[in-house]
Each structure stands twice: as C-alpha cells, then as structure tokens.
Amino acid sequence: MRKHQNSPVKNKHLQFSKIKMKPRACIRFKCALTNTILDILRQRPGWVEVKEEGEWDFYWCDVSWLRENFDHTYMDEHVRICHFRNHYELTRKNYIVKNLKRFRKQIEREAGKLEATKCDFFPKTFEMPSEYHLFVEEFRKNPGITWIMKPVARSQGRGIFLFRKLKDVIDWRKVRHVLSLLAPPEFFGKDGVRTDDQKDETQVENYVAQCYIENPYLIGGRKFDLRVYVLVMSYIPLKAWLYRDGFARFSNTRFTLNSIDDHYVHLTNVAVQKTAPDYDPEKGCKWMIQRFRQYLTAKHGAEQVETLFAEMDNIFIKSLQSVQKVIISDKHCFELYGYDILIDQDLKPWLLEVNASPSLTASSQEDCELKCRLLKDTLHVVDMEGRLTGKEKRVGGFDLMWNDGPVSRAEGNVDTPVNGSFMANTCLGYNNDRKKQLKQLFKLLHTQQKV
Amino acid sequence: MMPDQDTGLSLAIAQIVQRLKGSSFHSQLERQARISLHKPEIKLESLKEDIKEFLKTSGWEKKLQNAVYSELNVFPSPCHPAASPEHMKEPLVYMRKAQGSWEKRILKSLNSMCTELSIPLAQKRPIGGQKELLNKWNEMGTDEPDLSLFRPVYAPKDFLEVLMNLRNPNYENGDQPSFRNHLGLIQVPLKVKDIPELRDYFSELGLNIGQLGIDDSTQVPPELFENEHVRIGQTVLTERDSAAAQQYVRQGCPTALRAELWALILNISNQPEDILYYEQLKSNVIHHDLLVDSLIYKDVKLTASNDDYYFVFEDYLYQVLLCFSRDTSVLEHFSYNSANPPKSYIRGKLGVEEYAVFYPPNGVIPFHGFSMYVAPLCFLYHEPSKLYQIFREMYVRFFFRLHSISSHPSGIVSLCLLFETLLQTHLPQLFYHLREIGAQPLRISFKWMVRAFSGYLATDQLLLLWDRILGYNSLEILAVLAASVFAFRAVNLMEVTSLAAAEAVLADLSTLKVMPLLQIFLFATVT
C-alpha cells in the first residue's frame with residue numbers, strides 16, 4: 001500500500017542517509033528535547049529511540065539543528081521532522097508582520113477592501129530599526145497610546161518593555177547602540193537571541209514596536225491570553241488541524257495602565273510569570289480553554305462566543321495562508337504551532353504571536369495531561385504507522401480545520417461536498433473525548449483494512 | 001395541635017401580607033398605582049378594577065406574584081398562633097440547646113483569639129487607611145497581610161464532632177447495639193426520605209426526562225433535547241415568572257441562561273436602590289475595621305485563592321464577603337434559623353443588655369471554607385452588587401442550614417443522616433467495610449456537604465448541582481450525591497484498608513459527572 005519505494009540517492013556526503021524500508025517493524029525516533037515529548041515518544045508502542053548518529057525515521061529536532069543540517073540531509077519519503085525549513089516566516093515577529101501586510105494587499109487587490117479587513121487581527125507593528133521612521137510618523141499621528149517593544153527572535157516574554165513617550169525609545173536606541181559598539185553580538189546571545197536564523201547579521205538586535213492593546217478583556221480584574229495549538233501537515237496544499245484543548249494564562253497581578261513599568265502585569269507568558277516575586281508555581285494561573293469558553297458563554301451567551309471562536313479560526317487560517325507561498329513546503333515536515341491570542345473588551349481576538357517550539361514543559365498536573373494528549377494526538381495525525389486513510393476529519397483531539405479549503409462539520413469524509421448551511425469543523429473549547437474517538441476510529445480503520 | 005387547612009392558609013396569607021407591607025417592593029407598587037391615576041384609561045367609577053388591570057398589563061402583577069412566591073420559598077409556613085418564636089426557629093428543644101452551646105463555643109474561641117492577639121473586635125479605620133482601602137478596593141487580593149496568627153474559628157471537622165454527640169433525651173439510644181443506632185455517626189432519630197420517596201420527590205431527574213448534564217453531551221443530537229430546552233428557557237425568562245423558572249431549572253440551566261434564571265428564582269432584580277445599599281455596605285467596610293475581616297482574608301487565601309478554578313475571582317470574594325459581614329438585613333433570617341446571632345458588648349459594659357450589639361453585624365461568624373459559597377457564583381455574576389445580592393439570598397435560603405444544628409430536612413443533621421441511611425441501606429457491605437477499617441463514610445463526605453460540594457466538583461458540574469438545589473428548594477440532593485459518589489467508587493473503596501486510603505480514593509471529584517451519578521443512584525438501582 002505504501003508508496004515510499006522510490007530509491008534513495010545514496011550520497012556519501014549526506015550526513016544522514018536513509019535506507020529505504022519495507023513496512024517497518026519499528027519506527028526509529030530521535031528527540032532533541034528532554035521534556036514531555038520525549039516521554040511520549042518513548043511510550044509509543046513500536047517506537048525505538050536512537051541516539052547520536054544513528055539513523056532515524058522521525059526526528060523531534062530543535063530549530064538550531066534544522067538550520068545547520070536540514071539543507072544537507074537526505075530524507076527518505078517516509079521520514080518526518082517536526083519543523084518546516086523556514087518556519088520563522090510565521091514565528092518571527094518581524095516576518096509575520098511583513099507576510100501579513102503583503103497578504104492583506106493581495107486580498108484587497110483580488111477580493112476587495114471588506115475581505116481584506118479579515119486580516120486586521122494583528123496590532124499595528126513596525127520593524128525596528130528598519131521601519132523606525134515609519135513608526136515615528138505613526139507615533140506622532142496618535143499620541144498618548146501605549147506601545148510595546150519586543151525583540152523579534154526571543155520568546156517567552158524576554159526583553160519586552162512598554163512605553164508611551166518617544167523619548168524613551170530614543171534613549172533606548174542610544175543605549176543599544178553603545179552596547180553594540182562595546183560588545184560582540186554574542187553579548188545579546190546569552191539568553192537565546194540568536195537561536196533563530198538571522199539573515200541580516202547586524203550588530204543591533206531587531207525589535208518590533210507594536211501598538212499595545214489597552215482594553216484587554218479582564219476576568220476577575222486580571223489580564224490573560226489564550227494558548228491554542230495548530231498542527232500544519234502541509235503548506236501546499238494547506239492542511240491544518242486545530243486542537244480542542246488549550247488554556248488561558250492569567251497574569252498574577254491586576255491590570256492597570258497606570259504603572260507601565262511593572263511589566264509583570266502585561267505579560268501573561270508563564271515564562272515571565274515565573275520570575276514575578278509572588279509567583280506560586282502550585283497555583284498554575286491557568287484555566288483550561290473549556291472553562292474559559294463556558295465562562296464567556298455564561299456571561300455573553302452562546303452566539304457571541306461562537307462569533308469570537310469563528311474569528312479565532314479566521315486568525316489561524318489567514319496567518320497560515322499569508323506564509324503559504326513563502327514557506328518551503330516539504331512533505332517530510334510538519335509543525336505544531338502555539339498561537340497566542342489576546343481578546344479585547346469588544347470580544348475581538350488579536351494575534352500576539354505564533355511559536356514554533358511551544359513550551360512542552362508542563363507547569364502543573366492539568367497542564368501535563370493536556371500536553372500529553374496534544375503530543376499523542378500529534379503523533380497520531382503524523383501517522384508514521386500508516387494507519388489513517390488521509391480522509392479523516394477528526395483524529396483524537398484534533399479537528400481538521402483546513403484542507404486546501406474550509407472543512408465542514410457535516411457527516412462524511414473530507415471529500416463530501418459542502419451543501420446548505422456551512423458549519424466549520426473546528427471545536428476549540430469543546431469537550432475533548434479523544435480516547436473514545438480514537439478507539440472508534442482505529443476500530444473502523446482496522447475493519448476497513450480487512451475488507 | 002395543627003391548625004386546620006383553612007386557618008393555616010389564612011395565617012400564611014396574613015404573614016406574607018405583613019412581611020410585604022414593610023418591604024420596598026410595597027412602596028414601589030404603591031407608587032406605580034398612584035402614577036397610574038394620571039392615565040386616561042383609569043376611570044374614577046371603576047377605579048379598583050382599572051388599577052388592577054393596569055398593574056397586570058404593566059407587569060407589576062407578575063412582580064407581586066414573584067415576591068409572594070419568594071416569601072413562600074424562604075419562610076416556613078406559620079405554626080400554631082400560640083407557638084413561641086423559638087418554635088419557628090427549631091421545634092425540637094434539644095436541637096436548640098445543642099445549637100446554643102455550639103454558638104457559645106464559637107464565640108468563646110473568637111473572643112479568646114481577640115484577647116490573645118489584643119486586637120479589638122471592631123475599630124474605626126484611620127483616614128489614611130480608609131483612602132488606601134478605597135483605592136485598592138478592586139484589587140484587595142494583591143494585599144498580603146500577615147495572617148499567620150489568625151486561625152479559622154472552626155473547620156467542618158470540629159462541627160462534625162458536635163453533630164456526632166447529638167442525642168435526643170427522649171429517645172432510648174441505650175448501649176445495646178441494635179441494628180440501627182451503632183452503625184452511623186449520627187445518632188438522632190429524624191425522618192429522612194427513603195429511595196422511593198426520593199424518586200417521587202426528584203421525579204424530574206428520572207431516566208425518561210431530558211437532563212442538562214446528560215442529554216447535552218456530544219452523542220445526543222442537540223435537536224432532541226437541548227435546543228428545545230433552551231427555547232423554553234428563553235420563554236420562561238420573557239415571562240419573568242419565578243415559579244416557572246424554578247420548575248424549569250430542575251432539568252438544568254443552559255449555561256447562557258443560568259445567571260438570569262437564578263436571579264429570577266431568587267427574585268433579585270438589582271434595582272438602583274439595591275446598588276445603593278451595596279455601596280453603603282462598602283462604605284461601612286471602608287470606615288470600620290473588623291476582626292472578622294482578617295478571618296475572611298485568611299479563609300479566602302486558604303481556600304479560593306488556591307483553587308484551580310476560582311483563584312481568578314479572589315478580589316470579588318473580598319468585595320462580597322466583607323460587605324456581607326456588615327449587612328444587618330441578614331439578621332432577619334434568624335427568625336427561621338435555629339442559630340442566634342452572637343452578641344458582644346461595648347467596652348466596659350460586658351453583660352449589660354442595653355449595650356449589646358450583634359457581632360459581626362450580620363450575625364454570621366465565618367468558618368474555614370465559608371468563601372467557597374461565593375466562589376462559584378463569581379462564574380455567573382460580574383457586577384459586585386448583583387453578585388452580592390445573589391449570594392446573600394442563597395445564604396439566607398440555603399447555605400445557613402449547612403452549619404447550624406436543626407431538624408429541618410435541608411439542615412446538615414438531616415443531610416448527614418440521609419447520607420448514612422442511604423449508604424447503609426443500599427450499600428450495606430461497603431458501609432460495614434468502611435466502618436470496620438475506621439473510615440466512617442460521613443467523615444469523608446461531611447466536608448463536601450458543608451460546602452455544598454463547592455471546590456470539590458468541576459464548576460460546570462457544580463452549577464448543574466446547584467440548579468437542582470434551586471429547583472427543588474432543598475439541599476437534600478447533596479446527601480444523595482454524596483451517597484452516589486460512594487456508590488460510584490464502591491469497587492475501589494472495598495479494597496482499601498485505612499481511612500487515608502479511602503480518602504485517597506475519594507480525594508479528586510473533579511472528573512465526576514453529577515447528573516448521571518444521581519440518576520443511576522436514584523433510578524437505576526434495584527431496591
């Protein structure tokens with residue numbers, strides 16, 4: 001049944017040359033991380049771990065390995081790897097801005113202004129230092145609003161600060177400049193600045209200045225953001241899955257714009273929270289997304305919540321479409337993205353950023369269970385075992401969101417034509433009864449195979 | 001002797017009329033009637049009929065109905081005119097006595113803490129302190145006062161010890177081990193419902209009746225039950241009828257309608273005067289510092305702030321509980337509560353009745369876990385004044401019964417007895433086994449019931465449970481659920497050999513689905 005019979009080019013210069021395999025007795029995996037994912041891989045029946053230079057069928061690599069080795073690694077057809085070559089087109093703050101801006105223009109040209117507004121879910125953002133002058137112009141146009149400065153390649157909230165006065169940015173630039181003269185680039189690298197590709201090896205670390213959302217939705221007076229997981233199996237055609245679970249991360253302190261020096265208030269990344277003086281890891285500061293959805297429903301009614309979640313679907317799809325043509329599509333690659341979404345008081349969702357290596361280290365029992373479910377189901381969708389038909393609309397907690405076009409929730413396979421009222425096949429914040437679904441799914445597949 | 005039916009009815013009517021006359025609702029109604037006089041359709045010759053018609057069409061008749069219905073729900077039907085007011089609080093003398101001595105113990109413990117720490121029960125806050133508190137009213141949780149010296153006045157397990165020692169002096173318990181008296185912890189004879197009676201009472205929870213919490217799960221297409229149920233719920237809300245709402249919630253509230261339906265049942269409308277009242281309580285908090293405030297802080301920090309679900313609502317809890325402690329309107333519920341508000345005396349006038357004041361002003365001393373009565377409501381109400389009124393009404397209707405000693409069917413003593421009787425009758429082996437290993441089931445389930453399961457169940461499940469409390473105007477469902485939980489985990493419990501192990505089996509209830517458990521226990525078990 002499988003079609004990976006095409007003979008590999010044996011090239012001694014390739015670092016990892018893979019020998020073609022008949023139906024594999026076992027799946028050899030390699031894992032660069034030592035957290036939840038490693039446990040999940042080790043537990044998976046029929047999978048064996050390979051260390052160091054051994055050959056592998058599946059590699060959960062980190063992005064630095066990807067950068068150094070991807071281009072000179074030959075991979076057999078069945079081999080899978082957990083990142084796309086240039087994932088940073090989506091995950092680096094300056095690139096996603098550029099891609100979204102371009103995509104918006106394209107939509108405007110092809111489908112009109114109204115359609116293009118569907119891309120307006122990213123706060124106004126400028127690349128620093130290259131767009132500094134554009135930023136200053138915008139800043140002067142709307143005085144008094146708050147801006148947030150983020151280093152493009154850092155994650156988990158590091159290096160972020162807020163400002164309202166242009167003077168603060170000018171001072172900051174001066175300091176950066178002096179520092180860059182004094183210290184070699186590695187100076188900034190100590191907490192992971194250069195973990196990503198940097199095409200322009202400038203002395204000064206790149207930042208983006210982003211319009212700060214001043215009216216975030218608060219629960220119990222606290223700010224929060226949502227973490228949602230999207231799995232992309234292919235860019236051309238675009239095939240993306242949305243996970244049912246996710247969570248809301250609460251800020252430990254109360255939201256106010258009066259003290260913008262206190263950046264603990266504004267950042268809801270767990271990584272930042274952990275350094276707050278009164279952080280209590282036992283508390284977790286998280287709500288499962290199901291609880292969040294229920295809370296909103298109790299407050300605003302089901303209809304408004306449906307709209308909000310539909311708008312979030314739009315964010316996932318539009319952002320992926322915006323990079324569809326620039327990401328190097330490669331059938332060996334898949335990627336699990338962590339989307340960070342902020343909701344404002346008008347119940348409008350905003351995209352804060354997309355992470356290519358979402359934190360898989362669990363912060364609490366509930367969190368750990370979520371990540372285990374997520375990763376197990378990711379492996380089910382990646383399907384190294386070759387059990388799926390490729391027509392499934394749901395695998396465990398993953399619902400197929402996009403398959404070269406929207407996917408309908410109506411009965412039937414992905415091919416079933418859409419008729420009548422369309423209902424998207426996304427279930428974020430629904431009950432995740434994955435075990436039952438998987439049991440049914442694999443049972444069905446098993447009987448089909450026999451026939 | 002019981003009054004006959006007719007006299008009983010007229011007594012009840014007289015009581016309700018009298019109560020409503022003193023309410024702000026009465027003056028509102030009067031004002032509306034007076035305003036209506038200026039309307040052209042009100043004629044002098046048919047004045048009475050016209051005004052009646054006007055009140056009907058303008059919705060005031062419905063409001064009156066709801067007010068009467070609320071009175072009927074809250075107040076016990078009047079007893080014989082010759083009966084003393086104590087009788088209405090609690091008909092059994094030994095229960096009253098036991099409650100009295102329990103109160104003395106609590107008050108003594110509070111007073112000794114006061115002396116030990118040399119903190120006055122109440123003091124005026126200095127101006128600076130007032131300003132500071134006002135500024136951080138919305139973020140009181142960020143305050144980390146040193147509360148290490150404070151301890152909760154009592155915890156559920158202390159209260160259980162008291163209940164275990166309750167005896168009816170007219171009833172021969174004897175030391176003779178008999179079938180009944182030595183198995184459970186509760187040794188007083190009270191009438192509790194058996195399974196057939198419960199089936200009859202909770203008939204809307206039956207297997208053939210649609211239930212939210214069961215029939216809204218993903219396997220059941222929504223058009224079968226859920227959509228229709230939501231539609232009916234919206235109609236109930238438009239009709240603004242408390243009685244219909246109460247009947248409706250027996251099958252569960254749709255999440256989006258719950259807040260309004262509960263408010264309708266509890267007859268809470270959050271009028272401008274209610275908001276004003278809340279603001280007054282708030283200013284009382286700002287002006288005076290009470291010792292119970294520290295107890296409230298401590299309790300919130302120990303319970304809700306550590307809860308995975310409720311930590312977010314910490315600030316709301318202070319805004320509700322601090323105001324609650326100052327609310328003297330809560331004192332009214334002592335006319336039907338077996339408890340009496342504790343008294344304190346102005347300094348130097350100890351024991352002189354003219355100088356007695358209720359302390360705390362609402363007459364309720366919080367205990368460990370008290371704030372969990374408020375926490376789930378934060379999920380539904382976001383405006384502090386509305387949240388406050390809902391909580392106060394829930395307290396004076398239901399929650400007070402969970403920590404006062406009485407013979408009421410919803411009182412904690414009856415609930416404990418109902419729980420033990422159900423378990424003993426339907427799972428005798430399990431009951432015997434647990435008792436033998438020193439794990440009396442009530443020792444485990446008591447805290448669930450005292451907190452009405454708040455903090456033990458997942459929020460959605462808890463709200464489905466509280467739907468039924470409101471729907472049946474009864475707390476008995478708590479005892480039934482506690483027994484259902486034991487039944488559900490019976491296999492594992494039969495294997496344990498110690499109290500700690502039994503507690504471990506029952507430590508995490510957050511994955512339980514309330515409605516299926518209740519249905520199976522009540523309706524699908526062969527008796």
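None of these values were measured; they are calculated from a predicted model. In what follows, every chain begins at residue 1, and chains take the letters A, B, ... in the order their sequences are listed. Below, each value reflects all heavy atoms present in this structure, side chains not excepted, and no hydrogens, waters or symmetry copies.
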Nearest heavy-atom approach of A/A298 to B/L380 is CB-CD2, 4.1 Å
I need the minimum non-hydrogen distance between B/A256 and A/G301, along with the two atoms involved.
CB-CA, 3.6 Å
Would you call [X] and [Y] a side-chain contact if the rule is heavy atoms closer than 4.5 Å?
X      : Y      : value
B/F311 : A/W287 : yes
A/F224 : B/V312 : no
A/R291 : B/F379 : yes

Residue B/Y381 versus chain A: region with a heavy atom under 4.5 Å:
neither
Structural part of B/C253 lying under 4.5 Å from a heavy atom of chain A
neither
Quick check for you: to the nearest 0.5 Å, what is the distance between [X] atom [atom1] and [Y] atom [atom2]?
X      : Y      : atom1 : atom2 : result
B/T255 : A/L296 : OG1   : CG    : 11.5 Å
B/N138 : A/L218 : CG    : CG    : 10.5 Å
A/D367 : B/D308 : CG    : CG    : 11.0 Å

Interface residue of largest heavy-atom contact number with chain A, from B/F313, B/Y309, B/Y316, under 4.5 Å:
B/Y309
Flag yes if more than 12 heavy atoms outside B/K136 fall under 6.0 Å of its NZ atom; otherwise flag no.
yes
Is the CZ atom of A/F442 crowded by more than 12 outside heavy atoms at less than 6.0 Å?
yes
Charged N to carboxylate O under 4.0 angstrom, A/R222 versus B/E139?
no
